[in-house]
K.L.:
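For reference, the structure I am asking about is given below.
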Amino acid sequence: MTCKEAESMIMPYINDELTDKELETFLDHIYGCSACHEELEIYYTLYAGLAQLDGENEGQDMHNLLEEALYASEERVKGRKLFNIYYTFSQVLAMAALVVVIVMEIMRL
């Protein structure tokens, strides 16, 4: 991912509009590029500051809020990956069980 692509994803990230794949790629770039991480922090601080004016997140440290949001995003990506692995594994097991049942029925004929 280029910096330009990452920068275009900052607002969709803040608004929680990225797909899991986009989110994973975005996070990889943000953690590897200090310039883009700083850009995200600026936008996030502005966004969270405006939310404070509305009474949300009042008195909280903006940097910590961003780090918590990034951590939660990482956990979401990890959780979805793990779910997909378990789902695929369960489908394979179900298919194997079905094959065993079919083979057993054929052998009884």
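FYI, the numbering just counts along the sequence from 1. Worth saying up front: this structure is predicted, and the values here are computed from it rather than measured.
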K.L.:
To the closest 0.5 Å, what do you measure between CG (L23) and CD (E17)?
P.N.:
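Output value for this atom pair is 12.5 Å.
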K.L.:
Answer yes or no: is there a side-chain heavy-atom contact under 4.5 Å between V101 and M104?
P.N.:
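Contact flag for V101/M104 side chains = no.
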K.L.:
With a 4.5 Å limit on heavy-atom distance, are the side chains of I30 and Y13 in contact?
P.N.:
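Result no, sub-4.5 Å side-chain heavy-atom pair not found.
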K.L.:
Please table the atom pairs, donor to acceptor, closer than 3.5 Å between any side-chain atom in residues 86-95 and protein atoms at least two apart or in another chain.
P.N.:
unit_1, atom_1, unit_2, atom_2, d
T88, OG1, N84, O, 2.9
S90, OG, Y86, O, 3.4
S90, OG, Y87, O, 2.8

K.L.:
Quick one: does E5's side chain get under 4.5 Å of F26's, heavy atoms only?
P.N.:
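Answer no - side chains too far apart.
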K.L.:
I'd like to know whether M1 forms a side-chain contact (heavy atoms from CB on, under 4.5 Å) with M9, so could you lay out the CA-CA distance, the side-chain angles of the two residues, the decisive distance to 0.1 Å, and finally the verdict.
P.N.:
CA-CA 11 Å; M1 169 176 284; M9 297 174 104; 3.1 Å; yes
K.L.:
Does one hydrophobic cluster hold both L46 and M11, with members joined at side-chain heavy-atom distances below 4.5 Å?
P.N.:
no
K.L.:
When you compare the side chain of L40 with that of L70, does any pair of heavy atoms fall below 4.5 Å?
P.N.:
yes
K.L.:
What do you reckon, is CD of E38 surrounded by more than 12 foreign heavy atoms closer than 6.0 Å?
P.N.:
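At most 12 heavy atoms, drawn from other residues, nucleotides or ligands, come within 6.0 Å of this atom.
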K.L.:
Is there a side-chain contact between H29 and C3 (heavy atoms, below 4.5 Å)?
P.N.:
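They are in side-chain contact.
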K.L.:
Sequence neighbours left out, what pairs pass salt bridge (charged side-chain N to carboxylate O under 4.0 Å, His left out) with at least one residue falling in residues 78-95?
P.N.:
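For residues 78-95: D20-R80, E24-K81, E75-K78.
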K.L.:
Can you name the residues that form a ring-ring contact (aromatic ring centres under 6.0 Å, His included) with Y47, not counting sequence neighbours?
P.N.:
none
K.L.:
Please give me the minimum heavy-atom distance between E74 and L27, naming the atom from each residue.
P.N.:
N-CD1, 3.8 Å
K.L.:
Measuring from S73:OG to D16:CG, what's the distance to the nearest 0.5 Å?
P.N.:
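The distance works out to 7.0 Å.
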K.L.:
Provide the full list of salt bridge (charged side-chain N to carboxylate O under 4.0 Å, His left out) pairs with a residue in residues 91-107, sequence neighbours left out, each pair given once.
P.N.:
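Sorted result for residues 91-107: E105-R108.
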K.L.:
When clusters are formed by joining ILVMFWY residues with side-chain heavy atoms under 4.5 Å apart, either directly or through shared neighbours, do Y31 and I42 land in the same one?
P.N.:
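Y31 does not cluster with I42.
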K.L.:
Apart from V103 itself, what residues make up its hydrophobic cluster when side-chain heavy atoms of I, L, V, M, F, W and Y under 4.5 Å apart count as a link, directly or indirectly?
P.N.:
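For the cluster that includes V103, the remaining residues are V99, M107.
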K.L.:
Show which residues join I106 in its hydrophobic cluster (side-chain heavy-atom contacts under 4.5 Å, direct or indirect), or state none.
P.N.:
L98, I102
